[in-house]
Amino acid sequence: MAPDPVLGEVAVHESGSVPPDARSYASEKIGHVAKLARGSVLFAKVDLIARGDPARELHALAKAELDIDGTVVRAHGEASTMLAAIDELEGRLRERVERAGDVERARHLRHRDPRPWRHGDPPTHRTQSFPRPVDERQIVRHKTFALDPLTPDEAALELEQLDHDFWLFNNAETADDNVIARAPDGGYELLEPPAGDRPARSGDGPIRVSAVHPGAMTVDDAVALLDLGDQPFVFFLDPETRRGSVAYRRYDGHYGLVTSAEPNGG
């Protein structure tokens, strides 16, 4: 039997003109979701962000993180008012907490069930980036970590659980760094280096293989591509290590960067 969840006070951080009652409302809502966890909740954090542009239709953003036995579950909600954004956050976080064990089960089933993930969720509204002028944009967050070997189906589960638009991973089937990303129709798109002499993955099912392959370029080149277009991210290969990296747009109009911590031993 799973241990009872353990949770102290929900840490709530505010940015911008957040209504006075939003803090207690968010703490109560996220505290209720934490009680659904099947393990011990080590911490719970909520960020309430009121954007400074009132002309935007959706200018209230609520984000949350729950650490459940060392696994961090994230979600966000966006709406015209902060309380509505918190309500949307609660629904998404509740869903992810309830299925937080799916990723670990999928890993155990890797060799018994080649498709442990089942697609069926409707498309999710994604957060729009603030239209910051090009000359003001910077890389304000850089995350570097070792990429776990996952199948594309397992990577889709990670993306869903963490509520991301893309997920950089090392493909357990090919040993290449890949990205899985949300498609506009609610499916998923797999971005991978050119197949070369190895067989290409089938394009059947909700995970479709992209015809666009990452190129070797510097971080500056990747950021320049983001500046020129409206794509949410650029997947590229480090010219020296050939490992995958992703430069992406943040909700505040700045950029983030995700890179691998280790050279590819293969």
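These numbers come from a predicted model, not from an experiment. No hydrogens, no waters, no symmetry mates; every other heavy atom, side chains included, goes into these values.
Minimum heavy-atom separation, Glu154 to Pro149: OE1-O, 4.4 Å. Scanning both residues, Ala22 and Ile86, for their nearest heavy atoms gives O-CD1, 3.7 Å.
Between Val18 and Met82 there is a side-chain heavy-atom pair separated by less than 4.5 Å. No side-chain heavy atom of Phe235 sits under 4.5 Å from any side-chain heavy atom of Val212. No side-chain heavy atom of Val179 sits under 4.5 Å from any side-chain heavy atom of Trp167. Between Glu90 and Val33, some side-chain heavy-atom pair lies under the 4.5 Å cut-off. Using a 4.5 Å heavy-atom cutoff, the side chains of Leu150 and Glu158 are in contact. Within the 4.5 Å cutoff, the side chain of Arg74 has no heavy atoms near those of the Lys63 side chain. In this structure, the side chains of Pro152 and Glu173 come closer than 4.5 Å at one or more pairs of heavy atoms. Under the 4.5 Å side-chain criterion, counting only non-hydrogen atoms from C-beta, Leu36 is in contact with Arg94.
Note that CG of Leu89 is 12.0 Å distant from CD of Glu78, once rounded to the nearest 0.5 Å.
Residues Asp177 and Arg243 are paired through a salt bridge, judged by an N-O separation under 4.0 Å between the basic side chain and the carboxylate. Looking at Asp252 and Arg132, no side-chain N of the basic residue comes within less than 4.0 Å of a carboxylate O on the acidic one, giving no salt bridge. Glu189 has no carboxylate O lying under 4.0 Å from a charged side-chain N of Arg208, or vice versa, which leaves the two without a salt bridge.
The hydrophobic cluster around Leu225 extends to Ile139, Met217, Val219, Val223, Leu226, Val234, Phe236, Tyr255, Leu257, counting ILVMFWY residues whose side-chain heavy atoms fall within less than 4.5 Å of a member.
Residues Asn178 and Asn171 bring a donor and an acceptor atom of their side chains to less than 3.5 Å of each other. Side chains of Tyr248 and Asp165: a donor-acceptor N/O pair is absent below 3.5 angstrom, by distance only. Judged by distance alone, the side chains of Thr144 and Thr259 do bring a donor and an acceptor atom under 3.5 Å apart.
The environment of Asp230 atom CG is sparse: at most 12 non-hydrogen atoms of other residues, nucleotides or ligands sit within 6.0 angstrom.
In the hydrophobic clustering of ILVMFWY residues, with side-chain heavy atoms under 4.5 Å counting as a link, Val209 and Leu237 come out apart.
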